[in-house]
Amino acid sequence: KFAFCESCLLWQAQGGSAEQLAAINRFALAEQQQLKANSIGYIHYLLSEYKCDRWLRRDAYPQLHENLSTSVREAIKCLYYGNGKYAPAEDRRLYYSYDLALLPQNYDTLVAGLLKADIDSAADYRRRSTLFNDELLSFVERS
């Protein structure tokens with residue numbers, strides 16, 4: 001889609017690039033909002049009461065932690081969308097996220113607390129889950 005838009009810009013030699021750029025920006029904003037909504041929906045699915053209860057009853061703490069870690073990665077993608085940007089590939093997404101303009105307070109400390117996990121501990125899952133919901137997810141949903 002971006003190559004097509006670029007070709008439209010190059011084809012319009014008579015100064016139509018401003019209109020085309022505005023159309024691209026409107027499209028990108030709408031797409032980012034949809035991507036953010038999809039990610040938030042997936043987070044709520046992974047951390048739903050039903051899912052958590054199922055894994056808690058089975059004492060499957062590693063799976064609970066994995067679902068929470070996936071949710072953290074999805075929320076970091078949402079930070080990009082909230083800043084009007086597309087999220088980079090996962091292998092560099094966290095690194096570049098520190099440079100975003102709109103971030104939760106003490107983002108570096110928050111991330112460190114979320115990424116530290118004792119995957120065999122229900123208490124540590126509750127700690128991470130509370131931190132995630134209260135700090136990161138609430139920020140993402142507001143922005």
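In this structure, CG on Leu35 lies 5.0 Å from CD on Glu31, to the nearest 0.5 angstrom. To the nearest 0.5 Å, atom CZ of residue Phe139 and atom CG of residue Leu79 are 6.5 Å apart. Atoms CG and CD, from Leu110 and Gln105 in turn, are 11.0 Å apart once rounded to the nearest 0.5 Å. Here the SG atom belonging to Cys52 is positioned 8.5 Å from the CG atom belonging to Leu68, to the nearest 0.5 angstrom. Remark: Ser71 OG to Ile40 CD1 distance equals 11.5 Å, nearest 0.5 Å. Taken to the nearest 0.5 Å, the CG atom of Leu64 stands 9.0 Å off from the CG atom of Leu47.
No donor-acceptor pair under 3.5 Å is formed between the side chain of Lys77 and the backbone N or O of Arg93. Between the Ser39 side chain and the Lys36 main chain, no donor and acceptor come within less than 3.5 Å of each other.
Hydrophobic cluster membership differs between Leu29 and Tyr80, with clusters built from Ile, Leu, Val, Met, Phe, Trp and Tyr side chains linked at under 4.5 angstrom. A single hydrophobic cluster is not seen to contain both Ile119 and Val111; linkage of ILVMFWY side chains at heavy-atom distances under 4.5 Å, directly or through other members, places them apart. Cluster membership for Leu114 and Leu94, using ILVMFWY side-chain heavy atoms within less than 4.5 angstrom, is shared.
Ion pairing between Asp53 and Arg57 holds under the 4.0 Å rule for side-chain N and carboxylate O. Salt-bridge annotation for Glu135 and Arg127: absent, with no side-chain N of the basic residue lying under 4.0 Å from a carboxylate O of the acidic one.
In Tyr50, the OH atom is not crowded: 12 or fewer heavy atoms of neighbouring residues, nucleotides or ligands sit closer than 6.0 Å. Counted within 6.0 Å of NZ on Lys85, heavy atoms from surrounding residues, nucleotides or ligands total 12 or fewer; the atom is thus considered open.
Counting heavy atoms from C-beta on, the side chains of Ile76 and Ser97 come closer than 4.5 Å. Annotation: side chain of Arg54 is not in contact with side chain of Gln63 (no heavy-atom distance under 4.5 Å).
The shortest heavy-atom contact between Tyr61 and Ala122 is CE2-CB, 3.4 Å. Counting all heavy atoms, side chain and backbone alike, Val140 lies closest to Cys78 at CG1-CB, 3.3 Å. Contact detail for Ala117 and His65: the closest heavy-atom pair is CB-ND1, 3.9 Å. In terms of heavy-atom proximity, Ala75 sits nearest to Phe132 at CB-CE1, 3.8 Å.
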Stepwise side chain to side chain donor-acceptor pair (under 3.5 Å) check, Thr70 with Tyr42 = CA-CA 10 Å; Thr70 300; Tyr42 187 49; 5.8 Å; no
query = Would Tyr81 and Asn83 count as a side chain to side chain donor-acceptor pair (under 3.5 Å) if you check the C-alpha gap in whole Å, the side-chain angles of each, and the deciding distance to 0.1 Å?
reply = CA-CA 5 Å; Tyr81 306 141; Asn83 277 273; over 6 Å; no
Tyr98/Leu100 under side-chain contact (heavy atoms from CB on, under 4.5 Å): CA gap, chis, key distance, verdict = CA-CA 6 Å; Tyr98 292 96; Leu100 294 170; over 6 Å; no
